[in-house]
Amino acid sequence: MATTIKDIANACHVSKATVSRYINGSGYVSAEVAAKIATKIREMNYVPSATARNLSNRKNNVIGVVIPEVSNPFFGEVFKGISQIAEEHNLNIFYCDTDNSAEKEMKALAMLRSYEIQGIILTPAAGGMYKKKPSQEFIDGVKALNVPVILLDRDVPYVNWDGVFIDNYRGAYESTKCLIEAGHTEVATIAGDLSLMIGRERLRGYTEAMQAHGLQVREEFIYPGDFTTKTAYNIMIDIIDSDNRPTAIFSPNNLTTLGILQGIFQKGLRIPEDIAIVGFDDIDVLTTLHINLTVIKRDNIKMGIEAMNLLYARMNETENAVNAEPLRIVMEPEIIYRGSEKKM
């Protein structure tokens with residue numbers, strides 16, 4: 001006879017409603033109870049749906065990858081690296097895009113719980129959850145998976161999870177330094193999402209580079225952005241139309257860079273003759289279009305490879321990988337000079 005929700009509830013000494021909330025992700029279940037339910041589901045071979053039944057037949061080789069922006073080329077390249085290593089180990093990938101929504105992220109985590117994944121690579125969504133510390137709902141949602149967790153690109157404060165990151169501070173510092181050494185004293189930035197650690201670290205790199213070179217950090221030259229093209233475009237139009245225009249700008253990510261370029265070209269300005277720019281992250285298509293942009297470059301495919309290698313190692317440890325000491329890989333960025341930083 002097939003295992004039922006009632007069987008799971010009796011085994012865990014909880015109500016059927018609690019088990020149902022856990023399976024459907026429709027309400028709060030503590031991390032301790034969720035972990036107990038997950039264990040009993042595995043032990044008792046409970047399959048909550050037809051889809052999950054199909055997956056459960058190969059549950060030992062399914063991992064989850066949760067990213068916030070499927071349209072961002074950065075994540076496309078990272079996924080290539082993840083897929084390369086996953087294929088080598090005969091692992092299947094359950095791929096979720098949260099669209100930078102904390103609500104969609106929680107739904108994705110709930111869904112992955114019921115699919116019995118063996119590990120997860122996670123880039124947390126934006127949306128204000130991590131301004132001071134992550135929400136308990138988010139922490140419990142991840143812990144309830146009861147599998148190894150690898151953070152990718154975006155760190156989360158106050159948790160001890162494995163992760164693969166870039167040195168965001170160093171990249172922003174070197175970008176700003178590059179503009180200053182080219183002769184610019186009026187350097188602006190469109191800040192990224194400051195609810196995320198990557199946004200705060202890139203802004204810190206910009207401000208400390210200015211200070212280290214004896215330049216004033218002018219609040220009016222720090223424009224509040226959110227790492228999106230639309231916001232950056234609107235801000236750039238305002239910058240160009242203002243009476244107090246900077247001579248150079250540091251862009252904190254590729255989507256912001258696209259918005260900046262859209263504004264510059266729409267207004268008929270030239271780079272670097274009218275305004276200089278250095279961007280965080282390379283954009284391959286710009287080189288194809290003969291737009292030579294100086295950038296902070298990172299090996300996106302390698303980041304995916306490192307994350308998948310780390311996850312695979314955790315999945316195959318004899319000790320409990322969930323409770324292992326965290327391993328944090330921080331990769332160094334490289335500046336690629338193409339001339340857009342010059343002062344004309």
Side-chain angles (χ1 to χ4, degrees), residues 1-68 91-125 127-130 133-151 156 158-161 311 314-315 319-324:
M1 182 179 297
T3 303
T4 66
I5 286 180
K6 183 179 180 180
D7 296 329
I8 300 297
N10 290 339
C12 296
H13 305 291
V14 298
S15 68
K16 288 196 298 181
T18 299
V19 178
S20 180
R21 286 199 305 273
Y22 167 80
I23 292 172
N24 296 314
S26 57
Y28 176 79
V29 179
S30 72
E32 180 180 357
V33 172
K36 185 184 299 183
I37 293 172
T39 298
K40 289 301 178 183
I41 284 175
R42 283 195 295 273
E43 290 178 352
M44 300 172 71
N45 296 317
Y46 173 70
V47 182
S49 69
T51 302
R53 184 178 293 109
N54 290 334
L55 282 174
S56 69
N57 291 331
R58 50 190 173 89
K59 65 181 182 179
N60 288 331
N61 66 345
V62 178
I63 65 163
V65 175
V66 180
I67 58 99
L91 294 169
N92 296 293
I93 299 174
F94 200 104
Y95 185 68
C96 302
D97 175 24
T98 64
D99 196 30
N100 259 321
S101 164
E103 181 180 357
K104 289 182 180 180
E105 181 172 67
M106 293 308 302
K107 289 181 178 178
L109 293 175
M111 178 177 61
L112 290 173
R113 283 205 305 267
S114 66
Y115 286 168
E116 295 290 305
I117 61 168
Q118 301 303 297
I120 183 173
I121 296 174
L122 169 67
T123 301
M129 287 179 63
Y130 317 115
K133 61 187 300 185
S135 72
Q136 193 59 47
E137 182 185 18
F138 171 77
I139 294 294
D140 288 347
V142 176
K143 285 185 176 179
L145 292 169
N146 200 31
V147 297
V149 178
I150 310 297
L151 293 174
V156 178
Y158 307 104
V159 298
N160 292 318
W161 295 335
L311 179 60
R314 290 303 200 196
M315 288 166 56
E319 299 281 331
N320 186 352
V322 175
N323 298 318

TODO: Identify, with sequence neighbours excluded, every residue that meets side chain to side chain contact (heavy atoms under 4.5 Å, CB included) alongside Val149.
DONE: Ile120, Val142, Trp161
Task: Atom of Ala11, atom of Met44 and distance for their closest heavy-atom approach - done: CB-SD, 3.9 Å
Open item on the list: Using every non-hydrogen atom in the two residues, find where Asp99 and Asp97 come nearest and quote the distance to one decimal.
Closed with: N-OD1, 3.1 Å
Open item on the list: Would you say that Ile93 contacts Ile121 through its side chain, given a criterion of any heavy-atom pair below 4.5 Å between the two side chains?
Closed with: no
Task: Pairwise distance CG(Leu145) to CG(Leu109) - rounded to 0.5 angstrom - done: 5.5 Å
Open item on the list: Which heavy atom of Pro148 sits nearest to which heavy atom of Gln118, and what is that distance?
Closed with: CD-O, 3.4 Å
TODO: Please report the shortest heavy-atom distance between Ala125 and Thr98, naming the atom on each side.
DONE: CB-OG1, 3.8 Å
TODO: Could you pull out the closest heavy-atom pair between Ile117 and Val147, with the gap in Å?
DONE: O-CG1, 3.2 Å
TODO: Kindly compute the distance separating CG (Asn92) from CG (Asn61), expressed to the nearest 0.5 Å.
DONE: 4.5 Å
Open item on the list: Any heavy-atom pair between the side chains of Met315 and Ile63 that's under 4.5 Å?
Closed with: yes
TODO: Report the distance from atom SG of Cys96 to atom CD of Glu105, rounding to the nearest 0.5 Å.
DONE: 10.5 Å
Task: Where Pro124 and Leu151 come nearest, the two heavy atoms and their spacing - done: CG-CD2, 4.0 Å
Open item on the list: Please check this pair: side chain of Asp140 against backbone of Glu137, looking for a donor-acceptor N/O pair closer than 3.5 Å.
Closed with: no
Task: salt bridge (charged side-chain N to carboxylate O under 4.0 Å, His left out): pairs with one or both residues in residues 8-19, sequence neighbours excluded - done: none
Open item on the list: So, taking the atom named CD1 in Ile8 and the one named OG1 in Thr18, what distance separates them when rounded to the nearest 0.5 Å?
Closed with: 13.0 Å
